[in-house]
Amino acid sequence: MHAAVVTTFGSAPRYQEFPTPVPASGEEMLVDVLAAGLHPRVRSQADGSHYTSTDELPLVPGIDGVGRGPDGRLRYFILPDTTMGAMAEQTVIDIRRSVVLADTIDPVVVAAAMNPAMSSWVALRQRVQFQAGQDVLVLGATGNAGRMAVQIAKRFGAGQVIAAGRAADRLAALPALGATATVLLDGDAEGSAGRLGQTAPDVDVVIDYLWGEPAAAAMIALLANRADRHKPLTWIQTGSVAGPTAPISSAALRAARLQIVGSGQGSVSAREYLAELPALAEQITAGTFDVDARAMPLADVGQAWTAAADARKRIVLTTQQ
Ligand SMILES: NC(=O)c1ccc[n+]([C@@H]2O[C@H](COP(=O)([O-])OP(=O)(O)OC[C@H]3O[C@@H](n4cnc5c(N)ncnc54)[C@H](OP(=O)(O)O)[C@@H]3O)[C@@H](O)[C@H]2O)c1
């Protein structure tokens, strides 16, 4: 069979022949992969920079996808940490980490949406006791995960959903998806933080895809403008597109009821992720959320890798099966 194969960290995967994997137990199944998303997490898996990386090569990247098993059924699957990923004509899945899908669904939409959507869905369901009517700030709302977070917060009954991001055109599209206000984060960090402090001081939850300096500045601006500093604020660290570390002020943690938690592989157990899969898959296949996807053939993985660096639509690699 063919797969996207990484043989050196730092180089894009190449489409080449690769041995077909073999299921090792009754819980495993060989599936024909129809679609696999090129998520930021997959890029960091493929360049060895993700915190779960074991530096083992060769590596077929891809952490999830849609495939068809020998039973003829279509499934969305999440793979465990493995060097035999989803960007292949065939891969081995653990049936317990999969959800059966209707035959009528669009595999590209599901493969594009599940990973970015899961970030906020799981954060709001597993990392905070979120209640309808609470207000949410999505920090870094213009990426695929951020625009999903806006829609999911709304779906979960949020009162205010404030979307902050640096791409003005993408930001402008978010009110139609449920944002009640938007804040443009431009090159002026102080100005951006000031605008956040004015627009979102009293939110209950921040879903933060940025981290780095912008998150630290935003945190201080929000807390300084909070009407009631005893009101709990849960800051959910979810992505780090603006930097892996942030200079958090000690005063932020002392002067307000701020709780910083993370949401991701490790802070959320595999069991907790799996518990959320069916309901999320149901919403995505029902068309509840607007999904920005672009399909490309698996054979063009090299091109997809270059395009993904500045892509806005989530690229999904597809096979003809
Ligand atoms: N923890 C989880 O469960 C989980 C799940 C999925 C994703 N994530 C993480 O969430 C993050 C976003 O993922 P994604 O799928 O949305 O990626 P994406 O579609 O590639 O979007 C990334 C966005 O980040 C924006 N951005 C980059 N640097 C920025 C900065 N300095 N200030 C403001 N915006 C900036 C980009 O904006 P421009 O358009 O302006 O370039 C782009 O819109 C990644 O770190 C990813 O690993 C976490």
Side-chain angles (χ1 to χ4, degrees), residues 37-47 49-53 61 63-64 78 111-128 137-152 163-174 177 182-189 191-193 195-196 206-218 235-246 260-270 272-274 276-277 280 289-294 304-305 307-316:
L38 178 37
H39 315 297
R41 168 74 178 78
V42 176
R43 294 176 70 79
S44 62
Q45 173 195 32
D47 67 18
S49 66
H50 193 261
Y51 60 83
T52 59
S53 175
I63 57 166
D64 69 346
I78 298 185
M114 285 295 284
N115 170 270
M118 203 137 21
S119 63
S120 53
W121 182 287
V122 166
L124 291 176
R125 298 260 306 166
Q126 298 284 350
R127 301 301 284 144
V128 64
L137 166 63
V138 181
L139 196 55
T142 53
N144 286 281
R147 67 195 296 282
M148 279 293 175
V150 167
Q151 300 179 72
I152 286 168
R166 71 176 183 184
D169 56 336
R170 297 266 290 176
L171 199 59
L174 294 178
L177 300 181
T182 59
V183 177
L184 181 64
L185 308 176
D186 56 20
D188 171 13
S192 296
R195 283 191 292 282
L196 278 170
V206 176
I207 303 177
D208 176 10
Y209 292 103
L210 300 183
W211 207 236
E213 299 270 352
W235 196 285
I236 312 181
Q237 206 308 299
T238 315
S240 50
V241 294
T245 58
I260 305 175
V261 300
S263 184
Q265 235 181 309
S267 55
V268 179
S269 69
E272 288 166 329
Y273 273 117
L274 296 178
E276 302 298 340
L277 276 191
L280 176 56
F289 306 125
D290 186 73
V291 178
D292 246 358
R294 174 186 172 197
W305 228 257
D310 59 358
R312 293 197 158 175
K313 287 180 187 288
R314 176 55 34 87
I315 289 180
V316 174

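Numbering of ligands and ligand atoms starts at 1, following listing order. Source: prediction; values computed, not measured.
The closest approach between R166 and ligand 1 falls below 4.0 Å for a heavy atom of the residue. At least one heavy atom of R314 sits closer than 4.0 Å to an atom of ligand 1.
The distance from ligand 1 to the heavy atoms of R312 drops below 4.0 Å at these ligand atoms: 39 (O). Numbered from 1 in the order shown, with element, the atoms of ligand 1 that lie under 4.0 Å from a heavy atom of S240 read 45 (O). In the vicinity of N115, heavy-atom distances shorter than 4.0 Å reach the ligand 1 atoms 5 (C), 6 (C). In the vicinity of S263, heavy-atom distances shorter than 4.0 Å reach the ligand 1 atoms 1 (N), 2 (C), 3 (O). Contact atoms of ligand 1 toward T142: 37 (O), 43 (O) (distance under 4.0 Å to a heavy atom of the residue). Which parts of ligand 1 touch A242 is read off a 4.0 Å heavy-atom cut-off, strictly below it: atoms 31 (N).
On a distance-only criterion, G143 and ligand 1 share at least one N/O pair closer than 3.5 Å. Distances between N or O atoms of T238 and those of ligand 1 include at least one value under 3.5 Å. Considering backbone and side-chain N/O atoms, Y209 never comes within less than 3.5 Å of an N/O atom of ligand 1. Annotation: P214 places no N or O atom under 3.5 Å from an N or O atom of ligand 1; distance criterion only.
For the pair S44/H39, no side-chain contact is recorded, criterion being any heavy-atom separation below 4.5 Å from C-beta on. Using a 4.5 Å cut-off on side-chain heavy atoms (C-beta onward), L196 and L185 make contact.
Heavy atoms from both the backbone and the side chain of A145 come within less than 4.0 Å of ligand 1.
Crowding of Q126 atom CD: a count of heavy atoms from other residues, nucleotides or ligands under 6.0 Å exceeding 12.
Closest heavy-atom approach to atom 26 (N) of ligand 1 among the candidates D292, V268, V241: V241.
Within the model, atoms CG of L38 and CH2 of W305 stand 4.5 Å from one another, a figure rounded to the nearest 0.5 Å. The distance from atom CG of N115 to atom CE of M148, rounded to the nearest 0.5 Å, is 10.5 Å.
Judged by distance alone, the side chain of R314 and the main-chain N or O of A113 form no donor-acceptor pair under 3.5 Å. In terms of modelled atom types and a separation under 3.5 Å, the side chain of R312 and the main chain of D292 share no donor-acceptor contact.
Applying the side-chain contact (heavy atoms from CB on, under 4.5 Å) test between I207 and each of L137, L124, V150, I152 identifies L124 as the sole match.
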Which is it for D186 and R195 under the salt bridge (charged side-chain N to carboxylate O under 4.0 Å, His left out) test, yes or no, and what are the steps along the way?
CA-CA 11 Å; D186 56 20; R195 283 191 292 282; 3.2 Å; yes
